[in-house]
Trainee: 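Take this structure, written in structure tokens, and hold onto it; I'll ask about it next.
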Amino acid sequence: MTKKKDIKFLRVTHLRGPNIWTYRPVIEVWLDIGLFEDSPSNTLPGLYDNLLAILPGLAEHRCGVGAPGGFLERLREGTWVGHILEHVVLELQNLAGMRTGFGQTRSTTTRGVYKMAFRTRQEQVGLAALDGARALLLAAIEGTRFDLAEFLAPLRELVDSRCLGPSTGHIVEAATERRIPTLRLTDGNLVQLGHGIAQRRIWTAETDRTSAIAESIASDKDLTKTLLKSCGVPVPEGSLVRSAAEAWDEAQDIGVPVVVKPYDGNHGRGVSLNLMTRSDVEAAYHLACQQGDSSSVLVERFIPGDEHRLLVVGNRVVAAAKGESLWVTGDGRSSIQQLVDSQINIDPRRGEYEDAPLSTVRPRESGEVILELRRQGMDADSVPLADQKVLIQPNGNVAIDVTDLVHPEVAHAVTLAARVVGLDIAGIDLVAQDISRPLAEQRGAIIEVNASPGLLAHLKPAEGLPRPVGEAIIAHLFGPGECGRIPLIGVTGGNDGNLIARLTGNLLQLAGKHTGVVCADGLYLDQRRVSAADSVNWEAGQRLLINRNVQAAVFESNARMILAEGLAYDKCAVGIVTDMDAHANLAEFDVNDAAARRKVIRTQVDVVLPDGVAVLNALDPAVVELAELCDGKVIFYAPDGELDVIARHRAAGERALFVRGGEIVLAHGPEESTLLNLSALKPGTAARIGAVLAAVGAAWAQQVPFELICAGLRTFDAPAQNN
């Protein structure tokens, strides 16, 4: 029997932090390509054409060539299926609406087995795309059918349900541009920006500065109107009613036309405009009740003009969008539903997913559209006359950017409205005929103040320029120069990492910082052990990063953690490397020689910030070589200050620390400072001088005063060394 060619997944690992591949989370897959090891792509008949027919977007992949078409060039010349699978899974994620671009595939020491890593923003989406990519690639090789649309539909739904929404994603991207670290706290849109005490939190367009009282006020439209009116903000005349009959009575008192809307609604749901008759008002009342949370409904004077949405962040208007009415024109043959599909829903800006700036119009399902058609004596199945114009939706299509047209007095009114309600970020809905004129000149008015406003209309306007609202929100949360970071110290290697982490944490605490430490001995907060479990893992590290009391944090890691999970943080202020962790057995990760170990351990140096410091053991030549990879400064340490490495480093004006004559010496170029004599240390601590020097180097890098370092060293009692 002929053995069938196949691709098997031997191991699939989600590396959630910086790793041997990249700084960002990836899925690492061990592939057994079996008989395909003898069949590169240029020997597989039809693969090139079949694959490109299914995924024409592969033509844009650059691969190693560095230009569009690079991957196809490799495909023609001959490459292996593991590499092809990498590009297919990236393309499927992109087509599903989750943009990714990084991928690498490398051979292992076992013939036919490869390690492939690809960037993913969400683990479940990445895993689903991986399974689909395998099926698609095998179909292209075998020349069988693969229904791409059928596969992408559930994958897009998975992206929609599992990934950050477009508004939250835009804010996170703006934070990344400012080099502010981000942590997703739930499967929804709750995101932490920054670490420890420096963190802020967002939930879509709400922040941890958004008052719950203000949000409650904004959801009570009648109370909002009362507060705005008392402060001189123009609002439409109207009252709260609790029955359809009362709604008509109020409409008569105000004078038709009127607007009917839920008193606790938002985003235009359940709002009916320009109502003239009793039947229309009563029908609108029932619609508003369905969309709101109670039978209380607002009846207000109708204001002629266009609906506008202005986004206020802090105390300024950062974006404004204008609405438009939706109409269809009859042809004497097509129904309203058919006309909507052919004249409105055909617009590529409309769609079902969150990233579409305009939503699909549904004449059979939308209460507002049903009511509007009923007022004209029609429904979704009605057939208008040729050239007859039918109003489908008078509001809810706010997607035309008008930010540059907003009059200063209008901007003043909406920012005042946000302050009156108490919202730090607000979507202000107003009606005006011309946004470039003061509201008083045109009887314009503010009709709603919304908490957690949608941002998509400003990010992807149907017409006009997109606005950098994420950048404005980040600037609102973080002042100039603030990055949301606290001092993070990473310790990597196989020698005394536990001791170095604890001693470093002790020295930082003496400097006045509430300090957290995760190490093999447990999790510590200000030297209080809150968990005795081995905490050299990603989850324990996250506990420190989300703790609002933590002002500095120390993380012990090792080669195994980097390979199995990735580091728990994106960047660090200080990275300590003691050795190449040579005693660890890493064969299961296909790490069998010095070069492979170096690639793992260098991760700790790779994540040092440009204004940070790498503290490196000068006694280990392999560790010394990592200095050239550091984006920040380097401090070498060793018991012997006469080492050539330290001498050259000092000659270049850099820092080192060592022992001379029984004393710890700190040197910066030719200048030297004696810290203290080793006789002042407790015996257990003095016996482990390498660990002491590493911790002192980290404290020095963090500018802990020398007298505090001395005090910490004198009082610290190291546990007995494990053999």
Side-chain angles (χ1 to χ4, degrees), residues 16-19 22-26 99-102 119 121-122 163-186 188-210 311 313-314 316 318-319 424-425 452 455 458-459 466-490 513-514 516 538 541-555 566-575 606-613 631-632 702:
R16 296 179 286 182
N19 49 76
T22 179
Y23 297 106
R24 299 189 179 278
V26 298
R99 302 300 300 176
T100 56
F102 172 84
R119 173 82 169 98
R121 297 176 185 272
Q122 208 285 327
C163 294
L164 291 175
S167 296
T168 309
H170 181 73
I171 299 171
V172 169
E173 288 174 5
T176 303
E177 286 294 315
R178 281 272 302 264
R179 303 192 186 282
I180 296 169
T182 62
L183 300 174
R184 191 174 181 184
L185 299 179
T186 67
N189 287 308
L190 179 60
V191 176
Q192 176 178 312
L193 309 174
H195 294 150
I197 197 171
Q199 70 179 269
R200 307 308 303 268
R201 291 174 183 162
I202 60 168
W203 194 325
T204 312
E206 291 184 66
T207 77
D208 49 12
R209 290 181 178 175
T210 302
L311 179 66
V313 177
R316 66 188 185 96
V318 299
D424 64 324
I425 299 178
S452 188
L455 305 180
H458 309 300
L459 301 175
R467 300 293 168 171
V469 296
E471 181 181 320
I473 291 173
I474 293 300
H476 165 63
L477 295 174
F478 297 92
E482 293 181 351
C483 62
R485 294 187 181 276
I486 59 174
L488 302 184
I489 291 82
K513 291 182 169 64
H514 290 296
W538 193 88
Q542 295 297 290
R543 290 178 64 182
L544 293 189
L545 297 178
I546 67 175
N547 189 326
R548 282 184 178 270
N549 289 325
V550 171
Q551 296 174 298
V554 186
F555 304 80
L567 294 174
Y569 46 88
D570 66 326
K571 297 285 184 179
C572 63
V574 180
D606 286 337
V607 298
V608 173
L609 288 161
D611 59 352
V613 178
D631 290 336
Q702 279 297 294

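Note that these values count all heavy atoms, side chains included, but never hydrogens, waters or copies made by symmetry. Residue numbers count from 1 along this sequence. This structure is a prediction, so every number in the text was calculated from the model and none was measured.
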Trainee: Give a yes or no on whether R24 atom CZ has more than 12 heavy-atom contacts from other residues, nucleotides or ligands under 6.0 Å away.
Mentor: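 No, not enclosed.
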Trainee: Look at atom CD of E471 and say whether more than 12 heavy atoms of other residues, nucleotides or ligands are closer to it than 6.0 Å.
Mentor: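 Open.
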Trainee: Can you list the residues that meet the side chain to side chain donor-acceptor pair (under 3.5 Å) rule with N547, with sequence neighbours excluded?
Mentor: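 Testing N547 for side chain to side chain donor-acceptor pair (under 3.5 Å), a comparison that skips the adjacent residues, returns none.
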Trainee: Could you give the distance from NE2 (H476) to CZ (R200), rounded to the nearest 0.5 Å?
Mentor: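 Going from the NE2 atom of H476 to the CZ atom of R200 covers 7.0 Å.
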Trainee: Suppose we screen for side chain to side chain donor-acceptor pair (under 3.5 Å). Which residues come up paired with D631, at least two apart in sequence or across chains?
Mentor: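 Listed in chain order: nothing, the list is empty.
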Trainee: Using modelled atom types and a 3.5 Å cut-off, is there a donor and acceptor pairing between side-chain atoms of R121 and backbone atoms of R99?
Mentor: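 Pair found, side chain donor or acceptor close to backbone of R99.
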Trainee: For the pair R485 (side chain) and A198 (backbone), establish whether a donor and an acceptor sit closer than 3.5 Å, ignoring hydrogens and angles.
Mentor: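 A pair under 3.5 Å: no.
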Trainee: Shortest non-hydrogen contact from A472 to V318?
Mentor: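 Taking A472 first and V318 second, the nearest heavy atoms are CB-CG1, 3.7 Å.
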Trainee: Search all heavy atoms of A573 against all heavy atoms of P487 and return the closest pair with its distance.
Mentor: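 Scanning both residues completely, I find the closest heavy atoms to be CB-CA, 4.3 Å.
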Trainee: Given side chain to side chain contact (heavy atoms under 4.5 Å, CB included), test V469 with V313 step by step and report yes or no.
Mentor: CA-CA 8 Å; V469 296; V313 177; 5.9 Å; no
Trainee: Please answer whether the main-chain N or O of T168 pairs with a side-chain N or O of N189 as donor and acceptor at a distance below 3.5 Å.
Mentor: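 Side chain of N189 to backbone of T168, a donor-acceptor pair under 3.5 Å: no, none is there.
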Trainee: Nearest heavy-atom pair of G484 and P181: which atoms, and what distance?
Mentor: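 Smallest heavy-atom distance, with atoms named: O-CG, 4.5 Å.
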Trainee: Side chain to side chain contact (heavy atoms under 4.5 Å, CB included) for T22 and R119? Distances and angles first, verdict last.
Mentor: CA-CA 9 Å; T22 179; R119 173 82 169 98; 5.6 Å; no
Trainee: Do you know which two heavy atoms are closest between L164 and R184, and how far apart they sit?
Mentor: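 In terms of heavy atoms, the two residues are closest at CD2-NE, 3.6 Å.
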Trainee: Just verifying a value: how many Å separate L190 CG and E206 CD, rounded to the nearest 0.5 Å?
Mentor: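 Spacing of CG (L190) from CD (E206) equals 10.5 Å.
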Trainee: Looking only at non-hydrogen atoms, find the nearest pair between T204 and S167 and report the distance.
Mentor: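 Closest heavy-atom pair between T204 and S167: CG2-CB, 3.9 Å.
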Trainee: Give me the atom names and distance for the closest heavy-atom approach of L545 to Q192.
Mentor: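 Reported closest heavy-atom pair: O-NE2, 3.0 Å.
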Trainee: Quick one: does any side-chain atom of H458 pair with a main-chain N or O of R467 as donor and acceptor, under 3.5 Å?
Mentor: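 No.
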Trainee: Kindly compute the distance separating CD1 (I489) from OH (Y569), expressed to the nearest 0.5 Å.
Mentor: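 One finds 9.5 Å between CD1 of I489 and OH of Y569.
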Trainee: Are more than 12 heavy atoms, taken from residues, nucleotides or ligands other than R179, located less than 6.0 Å from that residue's CZ atom?
Mentor: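 12 or below, so no.
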Trainee: R201 side chain to L185 main-chain N or O, any donor-acceptor pair under 3.5 Å?
Mentor: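 Pair absent, no side-chain N/O of R201 close to backbone of L185.
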Trainee: Looking at H514, is its backbone amide N or carbonyl O close enough to the side chain of Q551 to form a donor-acceptor pair, meaning the two atoms are under 3.5 Å apart?
Mentor: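 Yes, Q551 side chain to H514 backbone: donor-acceptor pair under 3.5 Å.
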Trainee: Mind checking salt bridge (charged side-chain N to carboxylate O under 4.0 Å, His left out) for R543 and listing every partner two or more places apart, or none if nothing turns up?
Mentor: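 If we apply the salt bridge (charged side-chain N to carboxylate O under 4.0 Å, His left out) test to R543, skipping adjacent residues, there are no hits.
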Trainee: State the CG-CG distance between L477 and L193, to the nearest 0.5 angstrom.
Mentor: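 Taking CG in L477 and CG in L193, the distance rounds to 6.5 Å.
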Trainee: Let me see the working for F555 and L567 under side chain to side chain contact (heavy atoms under 4.5 Å, CB included), right down to the final yes or no.
Mentor: CA-CA 9 Å; F555 304 80; L567 294 174; over 6 Å; no
